[in-house]
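Shown below is the structure under consideration.
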Amino acid sequence: MATQHLSPALRVPAASPAYPMAKPGYGKRSAPDQRPRTRDDFALLPTRERYVAGFVDHLPDGAAMSVKQLAKQLPLYGQQAVSTALTALSVAGHLRRVRCPVVGAGDETRWVFRTFWSRTARDNEWWNAYLATEQATLTAAPAPSASVPDTAPPPPWAPAEDPRPAPEGPDTEQAPEPAAVPQQRAPARAPDTEPAPGTAPATAQVPGTSPAYLALARLGRDDHRLTLSADDCATLEPQAAQWLTRGVSVDYLTHALTAGLPAQVDSPVGLLRRRLTDKIPPRLPTENTQPATPAPARRLLMECTDCGRPGPPQAFPDGLCRPCRTAHSEAAENPPHPADIADVKAHMTNLRDLLKPV
């Protein structure tokens, strides 16, 4: 008879979640020419700094390097302790924090924050030379131009660039180009007048088809008080053409000539001639001639590891600004007494016990 085992099976160990990665271009960047990884790495550092350095060293490039994310993954220390450890690692020559501008779509400039990490401790001269090389590489790289138009093909429903005009029927009234001209009396041609054989009719220069002429001819259709003859349109055409050469549209010209008309217009051509003369607009550019805004210089700035203040690498020895470096040196010269540290730990333990539910 088979023996039944009632003991539960061994639990599968829970897989540790993947460390969060930063956005593309952000996060950790490993410095070149590092020594191979050994068990004695960071042996000269204090316990807390050695613990944080070992964790950061095993992170892949592109990992999030914010104090908040590191503190979430390090159970022994909080954000303040991790921040202090990173400051000590910067002084020891293992990391530098930098930022550089990146131009996106619409000339929008955003800052990319990176943390350069070196398992091998480096001095300030090495870091300055390395960041100068990174600056040269960043400057030589072609900057993405936001003014370049999109080269993607248009969607299927988009019209072609130069569509052919649709044939106009006899009943078409709202065709955009050209509009119908008021019916004029054409001069009678002699019956014996015949076109010369072999001569084609001249169609390159058709009188009365310019935008200015058509705009004047349409005024009578829109308002009977401004009905013009063919001779009137031809007379006012040069003045209307001056409006269009100054960058205004046909709709703007029509609105300026028809706005605020009196109840009765005795001489349409006289009224329009006066308005074309008195209301002529200033010259407007036909296209955007404003100088393009120059892209910001793609310079690389170092950040103070303690307070985050940006500046050139030469102004941040040990990765710290002057105030933080002064405060760090004073703290190193006057370390806290071990008894004070024990008292603080006991006080914090007491506070945690008081916060526990009864």
Side-chain angles (χ1 to χ4, degrees), residues 13-22 27-31 33-97 114-124 126-127 302-308 316-321 323-356:
S16 59
Y19 187 83
M21 302 297 290
K28 176 187 174 183
R29 292 292 184 90
S30 297
D33 303 331
Q34 300 187 44
R35 292 196 303 264
R37 186 179 288 113
T38 63
R39 297 183 59 181
D40 297 332
D41 293 334
F42 318 113
L44 300 180
L45 297 176
T47 304
R48 181 181 59 188
E49 284 71 16
R50 184 168 63 250
Y51 178 78
V52 175
F55 179 80
V56 173
D57 187 56
H58 284 78
L59 292 178
D61 282 3
M65 286 292 294
S66 64
V67 174
K68 185 175 182 180
Q69 288 293 344
L70 291 174
K72 286 182 179 180
Q73 303 296 326
L74 299 176
L76 298 182
Y77 303 104
Q79 296 186 24
Q80 185 62 39
V82 171
S83 177
T84 306
L86 292 179
T87 302
L89 292 176
S90 177
V91 174
H94 291 286
L95 70 85
R96 291 291 187 272
R97 292 188 182 272
R114 297 167 182 166
T115 300
F116 289 96
W117 172 262
S118 174
R119 186 184 312 112
T120 305
R122 308 291 187 177
D123 55 10
N124 294 320
W126 188 93
W127 278 114
M302 182 182 291
E303 278 192 348
C304 175
T305 309
D306 194 1
C307 66
F316 290 87
D318 299 332
L320 300 177
C321 62
C324 295
R325 189 168 62 254
T326 303
H328 186 271
S329 60
E330 293 177 354
E333 293 176 358
N334 301 317
H337 195 271
D340 297 336
I341 299 177
D343 293 341
V344 171
K345 289 183 177 181
H347 181 66
M348 295 303 299
T349 302
N350 186 27
L351 291 178
R352 293 190 187 97
D353 294 338
L354 293 176
L355 293 176
K356 290 180 181 180

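In what follows, residues are counted from 1 in the order of the sequence shown.
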Should Arg29 and Asp61 count as an ion pair when the cut-off is N to O under 4.0 Å?
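A salt bridge is absent here (no side-chain N lies under 4.0 Å from a carboxylate O).
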Can you see whether Thr115 engages Arg97 through a side-chain donor-acceptor pair at a distance of less than 3.5 angstrom?
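Yes.
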Arg35 CZ to Asp41 CG distance, which is reported to the nearest 0.5 Å:
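If we round to the nearest 0.5 Å, Arg35:CZ and Asp41:CG are 7.0 Å apart.
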Taking all non-hydrogen atoms of both residues into account, name the closest pair between Pro60 and Met21 and its distance.
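Smallest heavy-atom distance, with atoms named: CG-SD, 4.1 Å.
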How far apart are the closest heavy atoms of Ala64 and Gln69, and which atoms are they?
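For Ala64 and Gln69, the tightest heavy-atom pair comes out as CB-CG, 4.0 Å.
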Is there a donor-acceptor contact under 3.5 Å from the side chain of Lys28 to the main chain of Trp117?
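Answer holds: no.
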Flag side-chain contact, heavy atom, 4.5 Å: Arg48 against Val82
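A side-chain contact is absent here, since even the closest heavy-atom pair is not under 4.5 Å.
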So do Asp33 and Arg122 actually touch side chain to side chain, heavy atoms under 4.5 Å?
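Yes, at least one pair of side-chain atoms sits under 4.5 Å.
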Got more than 12 heavy atoms from elsewhere within 6.0 Å of CG, Leu44?
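No, not enclosed.
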Can you tell if the side chain of Leu74 reaches within under 4.5 Å of the side chain of Leu76, non-hydrogen atoms only?
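SC-SC contact between Leu74 and Leu76 ruled out.
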Straight-line distance of Gln34 CD to His94 NE2, nearest 0.5 Å:
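Nearest 0.5 Å value for the CD-NE2 distance: 10.0 Å.
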Shortest non-hydrogen separation from Gly93 to Arg96 and the atoms involved:
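Closest heavy-atom pair between Gly93 and Arg96: CA-NH1, 4.2 Å.
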Which heavy-atom pair separates Arg119 from Pro36 by the least distance, and what is that distance?
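Shortest heavy-atom contact: NH1-C, 3.9 Å.
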Can you tell which of Asp123, Val91, Asn124 makes a side chain to side chain contact (heavy atoms under 4.5 Å, CB included) with Pro317?
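Between Pro317 and the candidates, side chain to side chain contact (heavy atoms under 4.5 Å, CB included) is satisfied uniquely by Asn124.
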Hey, mind stepping through Leu45 and Tyr51 against side-chain contact (heavy atoms from CB on, under 4.5 Å) and telling me if it holds?
CA-CA 9 Å; Leu45 297 176; Tyr51 178 78; over 6 Å; no
I need the Leu354 CG to Thr349 OG1 distance, nearest 0.5 Å.
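It is 11.0 Å, given to the nearest 0.5 Å.
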With ring-ring contact (aromatic ring centres under 6.0 Å, His included) as the criterion, how do Tyr19 and Phe55 come out once you've worked through the C-alpha distance, each side chain's angles and the decisive distance to 0.1 Å?
CA-CA 11 Å; Tyr19 187 83; Phe55 179 80; 5.8 Å; yes
Spacing of Leu95 atom CG and Trp127 atom CH2 [to the nearest 0.5 Å]
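The distance works out to 7.0 Å.
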Measure across Gly319 and Ser90 and return the closest heavy-atom pair with its distance rounded to 0.1 Å.
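That closest heavy-atom pairing would be CA-OG, 3.4 Å.
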Euclidean distance, Tyr77 OH relative to Thr84 OG1, rounded to 0.5 Å:
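The distance works out to 11.5 Å.
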Any side-chain heavy atom of Phe42 sitting closer than 4.5 Å to one from Asp57?
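Side-chain contact under 4.5 Å: yes.
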Work out which heavy atom in Gln79 is nearest to a heavy atom in Ala71; give both atom names and the distance.
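Shortest heavy-atom contact: CG-CB, 3.6 Å.
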Mind checking the CG-CG spacing from Leu70 to Leu86? Nearest 0.5 Å is all I need.
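Spacing of CG (Leu70) from CG (Leu86) equals 6.0 Å.
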